[in-house]
Amino acid sequence: MTDLPGRGNDPNEDPFAIFGNPQQFAAVMRQIADMLSAAASSDAGPVNWEMAKNIARHAVVAGGDPSVMEGERRQIVDALNLADLWLNEVTVLPSGLVNPQAWSRSEWIERTIPVWKQLCEPITSQMVETMGGTLSAAGLPPEAQAMAGPLIGMLKQMGGILVTQQIGHAIGTLAREVVGSTDIGLPLSDTAALLPAGIAEFSRGLEIPTEEIRLYLALREAAHHRLFQHVPWLRAHLLGAVEEYARGITVDVAALEEKIRGLDLSDPAQLQRVLGGGELLKPEETERQKAALARLETTLALVEGWVDTVVNTAAQGRLPSVAALAEMLRRRRATGGPAERTFATLVGLELRPRRLREAAALWKALDDARGTEGRDAVWNHPDLMPSADDLADPQAFLRGETEFDLSRLTEEPGPAEPTEEDGDQKGDQGGDRDRG
């Protein structure tokens with residue numbers, strides 16, 4: 001018989017001896033039942049998003065989350081509006097600001113939860129089912145499992161709670177680091193916003209005036225929203241690539257079994273500590289998943305590279321420390337900033353920061369060769385976008401562009417990009433490039 005924590009190898013031994021004192025075990029079961037009752041939600045999925053949101057909010061409140069004062073709100077809104085005016089001079093994409101806001105960290109969590117739900121749910125169902133099944137199998141000997149149906153079902157529900165807690169803690173940790181709604185490169189909100197507390201934390205130790213830092217970060221926030229509001233296909237393209245990649249993620253059962261070996265199932269707090277973390281996520285690395293990953297990394301790099309290019313151009317002559325701030329952000333990404341850690345924890349994906357510098361160089365080369373209008377017109381259609389190979393050789397991309405009807409690059413943006421259901425139409429439109 002397999003060695004189990006708290007049991008010998010006597011086949012005549014009580015199979016439930018693993019749980020020790022029956023009264024103590026009954027008390028633990030009541031504790032777990034209380035947790036399951038508290039976690040009850042109208043959500044149809046395995047994750048209780050209301051619970052995850054509350055965990056994230058408690059995490060930021062514990063570290064200090066002051067309300068935004070009226071003076072801070074005015075400073076943020078003024079900075080975003082001024083930054084937007086500067087961007088008018090360096091890009092043909094129109095403003096993406098509708099109702100610029102200043103948020104507390106708790107407000108950031110509240111406003112971004114809907115997108116986190118969309119990003120995380122492709123993987124959470126698999127995590128909960130595998131985690132619950134493994135907990136059940138590892139916690140009880142075979143002869144006891146048939147007698148413990150309700151307990152096994154309860155342990156599977158516990159898997160959902162553990163995943164919910166993991167997501168809540170990850171979002172709460174991120175909320176203490178972000179400065180706006182676009183730090184991770186994805187459109188987490190339709191509203192442009194900055195966090196005064198995040199800006200204060202970002203500014204700590206920098207010998208740069210706070211107003212200059214605020215304006216630089218406002219430029220980045222406003223530039224992201226120009227893309228997300230006025231490039232119709234971009235949002236679905238990015239989120240779809242994340243979802244496609246996440247569907248290829250599995251739970252590393254061997255690692256999970258290793259973690260729970262020797263666990264005391266009568267200690268729910270220990271379960272929560274040991275089973276948290278994104279290291280249990282294991283990509284299968286199928287060809288389809290590799291393609292989704294490449295598409296996601298390339299598009300995120302192109303978004304960030306374009307933002308870097310237009311922001312640094314707009315800030316030249318206005319913000320003396322623009323070069324130092326830009327370099328600080330690059331180093332933050334390279335050492336694993338909020339974006340990298342969040343994706344690794346919640347989606348099992350590590351971004352490659354090196355692509356960002358290559359993308360910025362490509363946008364700069366496009367600007368020099370085609371001008372602002374020609375550079376920004378590349379966003380008109382996904383078939384015009386540079387590929388991963390183009391990031392490594394911008395000049396080759398520029399030479400390839402000369403084979404197109406260049407009038408396409410200066411036309412006004414057309415109607416919204418077709419959805420995946422209209423894939424056949426999209427393929428026909430992309431044929432022009434193949435025939436170039």
Checklist entry - Taking side chain as C-beta onward, heavy atoms only, is L186 less than 4.5 Å from V115? => result no
Item to check | Close side-chain approach of L319 and L219, heavy atoms under 4.5 Å | outcome: yes
Checklist entry - Sequence neighbours excluded, which residues qualify as side chain to side chain contact (heavy atoms under 4.5 Å, CB included) partners of A218? => result A79, L80, A83, L194
Next on the checklist: My understanding is that only residues two or more places apart in sequence, or in another chain, count here; which of them pass side-chain hydrogen bond (donor to acceptor under 3.5 Å, both in side chains) with S181?
Outcome noted: E221, H225
Item to check | Check: E107 side chain, S104 main-chain N or O, donor-acceptor pair, under 3.5 Å | outcome: yes
Item to check | Full working for side-chain contact (heavy atoms from CB on, under 4.5 Å) between V90 and T309 | outcome: CA-CA 9 Å; V90 296; T309 299; over 6 Å; no
Item to check | Ionic contact status for R375 with D367, cut-off 4.0 Å | outcome: yes
Checklist entry - Looking only at heavy atoms, which two atoms of P394 and L391 are closest? And how far apart? => result CD-O, 3.9 Å
Item to check | By salt bridge (charged side-chain N to carboxylate O under 4.0 Å, His left out) - contacts of E304 (at least two apart) | outcome: R220, R333
Checklist entry - Is V77 close to N81 at the side-chain level, that is, under 4.5 Å between some pair of heavy atoms? => result yes
Item to check | Distance-only side-chain donor-acceptor flag, T91 / D376, under 3.5 Å | outcome: yes
Checklist entry - side chain to side chain contact (heavy atoms under 4.5 Å, CB included) with P386: which of T298, D393, L362? => result L362
Checklist outcome for this item: CZ (R57) and CD1 (I113) are apart, to the nearest 0.5 Å, by 10.0 Å
Checklist entry - Heavy-atom distance under 4.5 Å between the side chains of P187 and T182, does that happen here? => result no
Checklist entry - Would you say the side-chain atoms of R105 pair up with the backbone N or O of V60, donor to acceptor, closer than 3.5 Å? => result no
Checklist entry - Under the 3.5 angstrom rule, does the side chain of D183 hit a backbone N or O of G180 as a donor-acceptor pair? => result yes
Checklist outcome for this item: The side-chain hydrogen bond (donor to acceptor under 3.5 Å, both in side chains) partners of D389 (sequence neighbours excluded) come to none
Checklist entry - Which value, rounded to the nearest 0.5 Å, describes the distance between L85 atom CG and S95 atom OG? => result 8.5 Å
Checklist outcome for this item: The salt bridge (charged side-chain N to carboxylate O under 4.0 Å, His left out) partners of K53 (sequence neighbours excluded) come to E50, E110
Checklist outcome for this item: Heavy-atom nearest pair, L356 first then A301, reads CD2-CA, 3.3 Å
Checklist entry - Looking only at heavy atoms, what is the nearest atom pair of L195 and A175, with distance? => result CD2-O, 4.3 Å
Next on the checklist: Just to verify, what does A193 make a side chain to side chain contact (heavy atoms under 4.5 Å, CB included) with, not counting sequence neighbours?
Outcome noted: Q101, W103
Checklist entry - How long is the gap from NZ on K364 to CG on D308, to the nearest 0.5 Å? => result 13.5 Å
Checklist entry - Is the closest side-chain heavy-atom distance between W116 and I109 below 4.5 Å? => result no
Next on the checklist: Between Y216 and R318, is there a side-chain heavy-atom distance shorter than 4.5 Å?
Outcome noted: no
Next on the checklist: Taking side chain to side chain contact (heavy atoms under 4.5 Å, CB included) as the definition, give me every residue that meets it alongside A223, ordered by chain and number, with sequence neighbours left out.
Outcome noted: L87, W306, V307, V310, V311
Next on the checklist: Can a donor-acceptor pair be found, under 3.5 Å and without considering hydrogens, that links the side chain of W49 to the backbone of K117?
Outcome noted: no
Next on the checklist: Holding to side chain to side chain contact (heavy atoms under 4.5 Å, CB included), I want the full list of residues that pass it with P196, two or more places apart in sequence or in another chain.
Outcome noted: V68, E72, I76, A102
Next on the checklist: One pair to check against side-chain contact (heavy atoms from CB on, under 4.5 Å): T299 and L234. What are the steps and the verdict?
Outcome noted: CA-CA 9 Å; T299 306; L234 181 58; 3.7 Å; yes
Checklist entry - Shortest non-hydrogen contact from I55 to T164? => result CD1-O, 4.4 Å
Checklist outcome for this item: Residues passing the side-chain hydrogen bond (donor to acceptor under 3.5 Å, both in side chains) test with N54, sequence neighbours excluded, are none
Item to check | Whether Q229 side chain and D190 backbone form a donor-acceptor pair below 3.5 Å | outcome: yes
Next on the checklist: Are the side chains of R330 and R357 in contact, using a 4.5 Å heavy-atom criterion?
Outcome noted: yes
Checklist outcome for this item: Nearest heavy-atom approach of V378 to L366 is CG2-CD1, 4.1 Å
Checklist entry - Which pairs, with at least one residue in residues 206-219 and sequence neighbours excluded, count as a salt bridge (charged side-chain N to carboxylate O under 4.0 Å, His left out)? => result none
Checklist entry - Can you list the steps and then say if L82 with D78 is a side-chain contact (heavy atoms from CB on, under 4.5 Å)? => result CA-CA 6 Å; L82 179 57; D78 289 347; over 6 Å; no
Checklist entry - To the nearest 0.5 Å, what is the distance between OG (S387) and CZ (R295)? => result 13.5 Å
Next on the checklist: Do F202 and M328 make a side-chain contact, defined as non-hydrogen atoms from C-beta onward lying under 4.5 Å apart?
Outcome noted: yes
Item to check | CZ-CG distance between R235 and L227, expressed to the nearest 0.5 angstrom | outcome: 11.5 Å
Checklist entry - If you look at every heavy atom in W363 and L302, which pair is closest and at what distance? => result NE1-O, 2.9 Å
Item to check | Partner set under salt bridge (charged side-chain N to carboxylate O under 4.0 Å, His left out) for R111, not counting sequence neighbours | outcome: none
Checklist entry - Quick one: does D65's side chain have a donor or acceptor within less than 3.5 Å of a partner on S106's backbone? => result yes
Item to check | Separation between CZ of F397 and CG of D390, rounded to the nearest 0.5 Å | outcome: 5.5 Å
Next on the checklist: I'd like to check the side-chain hydrogen bond (donor to acceptor under 3.5 Å, both in side chains) partners of S203; sequence neighbours left out, ordered by chain and number.
Outcome noted: none
Checklist entry - Passes side-chain contact (heavy atoms from CB on, under 4.5 Å), V303 versus W379? Steps please. => result CA-CA 10 Å; V303 168; W379 290 105; 4.0 Å; yes
